[in-house]
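In the text below, chain A, chain B and the rest are named by the order of the sequence lines, each starting its count at 1.
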2 protein chains.
Amino acid sequence: MATPLRIVEVDKLKTACSTCSLHELCLPAGLTPSELKSMDRMIDIRRSLKRGDYVFRAGAPLHALYAIRTGFMKSCVLHEDGREQVAGFHMMGDLIGMDAIGTGQHLCDAVVLEDSEVCEIPLKSLELMSREIPSLQQHFHRIMSREIARDYGVMLLLGSMRAEERLAVFLLNLSQRFAARGYSSTEFHLRMTREEIGSYLGLKLETVSRTLSQFQSQGLIAVQNKHLRILKIDSLRELVGQHGCRV
Amino acid sequence: MATPLRIVEVDKLKTACSTCSLHELCLPAGLTPSELKSMDRMIDIRRSLKRGDYVFRAGAPLHALYAIRTGFMKSCVLHEDGREQVAGFHMMGDLIGMDAIGTGQHLCDAVVLEDSEVCEIPLKSLELMSREIPSLQQHFHRIMSREIARDYGVMLLLGSMRAEERLAVFLLNLSQRFAARGYSSTEFHLRMTREEIGSYLGLKLETVSRTLSQFQSQGLIAVQNKHLRILKIDSLRELVGQHGCRV
DNA sequence: CCGCTGTTTTGACACAAATCAAAATGGCGG
DNA sequence: CCGCCATTTTGATTTGTGTCAAAACAGCGG
């Protein structure tokens, strides 16, 4: 878990919002071409990150928000006593760092799980520009709100679902997000370990492993280590919200 | 749980942000007197609500955000199958409804637990005005961010703490929030039932009751039904983050 | 003031998931 | 290509909470 981590390097990549294939999924969604140009001026730093790098660490002062161009990461909240809880997994088009606006300090670590590229969005510039461009303002608010909504979903999951349901919800959520990004909704690579899945779902890694095996033997999925294929997506959906369980 | 609920009545109360004792805790924190005047113009509707009323219900279209002037409420997320998870408890100075900005529809119920007054803040007006007043814009962002931060804390709690710790965190949090509002940090009324506490903490009501009794027999607190007194706040603090537990 | 209803407490027992343990597997660096 | 280390799987056992049940209690309306 605690392997030494690279220092991240900052380098300017040649990409721009106006030419980025993600711009309908990302912060600039719905902007006009000329507004997109303004975004390009705002986001001049893009970072290239390797597996194990931190985008930011808990306690660090907030410089910017980060839009994920490519790759995969997790954010995890740390407890004084060393406990760590994965608060979310993030992929291209996601915006991270918003938890830090309140205090000016990040309160979770953002750790790269698969080599990634992120765009650095200075908060001050974003504030300034969203005063000029109402649709940017609205979209930024929507993104923050969606994060709150997502968190409520996780709370529901952690507070009242049994292990099978948690896993099913997790897989369905990944599936849906991959689909929204143009990837297969039924076949993908799990970029995180069983332990990280478990931490996110409030389960131990053994339980995650056992439950995946169980799904496999029921013919719902096919897993081979990190490679996962969903065979009966409807059965998975039915599984969620069944079982008299802990209501 | 499902008692018939009054239809809420809308009436204009004579309060204004500029004369409200909460304005340093609430959305207008840090505004100049003239900016406060603008807020007054924006917030012309204040609602008076009785126990059991809904401020808004899941699925309803978003009209406004609500700032709590007095009272106490819960928000709860609903699962299709009827399960309900309390996502938070809210008191004076809190802003609720932000989860709805993303989709334009509320995704939780906000239920009044103690007769309350709320100020209705039309989202459109807030957007408009925060383009004019940078400090309002910043503070609104801070408030949304703090909600995300709070949610991360709840996720940590639900994902990796044992029953005793959850209860301790819950009590300490209430204590700290009452203190911030000028009330006693060691003696207060629990406005919610054991079942609602349990739902919030991912526990059954019996476990909540048992754990409170245990705290009492350990001399940490004195509970008598809804009345609670914290006797050893430091011991409660130590309790959080102990116990090898589920790391 | 009494009786009703919803809430809380307490006890006995069951079970889902954690813990402990060990083998199997996979991937990376030398 | 081999060997090592991290990850994953599977099994046996324990345990913290859930579940079921019943009694105690509190608050409200008549």
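Rounded to a whole Å, the CG atom of B:L190 is 15 Å from the P atom of C:dT7. Between the C1' atom of D:dT17 and the CG atom of B:L167 lies a distance of 13 Å, rounded to the nearest Å. Across the protein-nucleic acid pair, B:Q214 atom CD and D:dG16 atom P stand 11 Å apart, rounded to whole Å. Taking atom CG of residue B:L201 and atom C1' of nucleotide D:dG16, one finds them 16 Å apart after rounding to whole Å. In this structure, A:K204 places its NZ atom 19 Å from P of D:dT14, rounding to the nearest Å. In this structure, the CZ atom of B:R162 is 13 Å from the C1' atom of D:dT14, given to the nearest Å. A straight line from CD1 of B:I197 to C1' of C:dT7 spans 12 Å, rounded to a whole angstrom. B:R166 places its CZ atom 7 Å from the P atom of D:dT17, with the value rounded to the nearest Å.
Residues satisfying the ring pair (Phe, Tyr, Trp, His ring centres under 6.0 Å) test with A:H90, not counting sequence neighbours, are none. Residues passing the side-chain hydrogen bond (donor to acceptor under 3.5 Å, both in side chains) test with B:E187, sequence neighbours excluded: B:H227. In this structure A:D115 satisfies the side-chain contact (heavy atoms from CB on, under 4.5 Å) test together with A:K50, A:R51, sequence neighbours excluded. Applying the salt bridge (charged side-chain N to carboxylate O under 4.0 Å, His left out) criterion to B:R191, with sequence neighbours excluded, gives B:E114. With sequence neighbours left out, A:A100 forms a side-chain contact (heavy atoms from CB on, under 4.5 Å) with A:L62, A:H106.
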When the side chains of residues 169-179 of chain A are checked against the rest of the protein, which donor-acceptor pairs come out under 3.5 Å, sequence neighbours left out?
residue : atom : partner : partner atom : Å
A:N173  : OD1  : A:R177  : NH1          : 3.4
A:S175  : OG   : A:S185  : O            : 2.7
A:R177  : NH1  : A:F89   : O            : 3.4
A:R177  : NH2  : A:F89   : O            : 2.7
A:R177  : NH2  : A:D94   : OD2          : 3.0

Sequence neighbours left out, cut at 3.5 Å: what donor-acceptor pairs do the side chains of residues 144-151 of chain A make with other protein atoms?
residue : atom : partner : partner atom : Å
A:S145  : OG   : B:M98   : O            : 2.7
A:S145  : OG   : B:D99   : O            : 3.2
A:S145  : OG   : B:I101  : N            : 3.1
A:S145  : OG   : B:G102  : N            : 2.8
A:E147  : OE1  : A:R150  : NE           : 3.4
A:E147  : OE2  : A:R150  : NH2          : 3.0
A:E147  : OE2  : B:Y152  : OH           : 3.0
A:R150  : NH1  : A:A87   : O            : 3.4
A:R150  : NH1  : A:Y200  : OH           : 3.4
A:R150  : NH2  : A:A87   : O            : 3.1

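Note that the two end axes of the helix from C:dC1-D:dG30 to C:dG30-D:dC1 enclose an angle of 50°, each drawn from 5 base pairs, rounded to 10 degrees.
Between the side chain of A:S209 and the backbone N or O of A:L205, no donor-acceptor pair lies under 3.5 Å.
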> What string of B, S and - do you get for nucleotides 9-15 of chain C, 5' to 3', when a contact is any protein heavy atom under 4.0 Å?
Replying inline: BBBB---
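OP1 or OP2 of C:dT7 has not a single side-chain nitrogen or oxygen of B:K226 nearer than 4.0 Å.
B:Y54 carries B:R57 over the face of its six-membered ring, with the cationic atom under 6.0 Å from the centre and within 45° of the normal.
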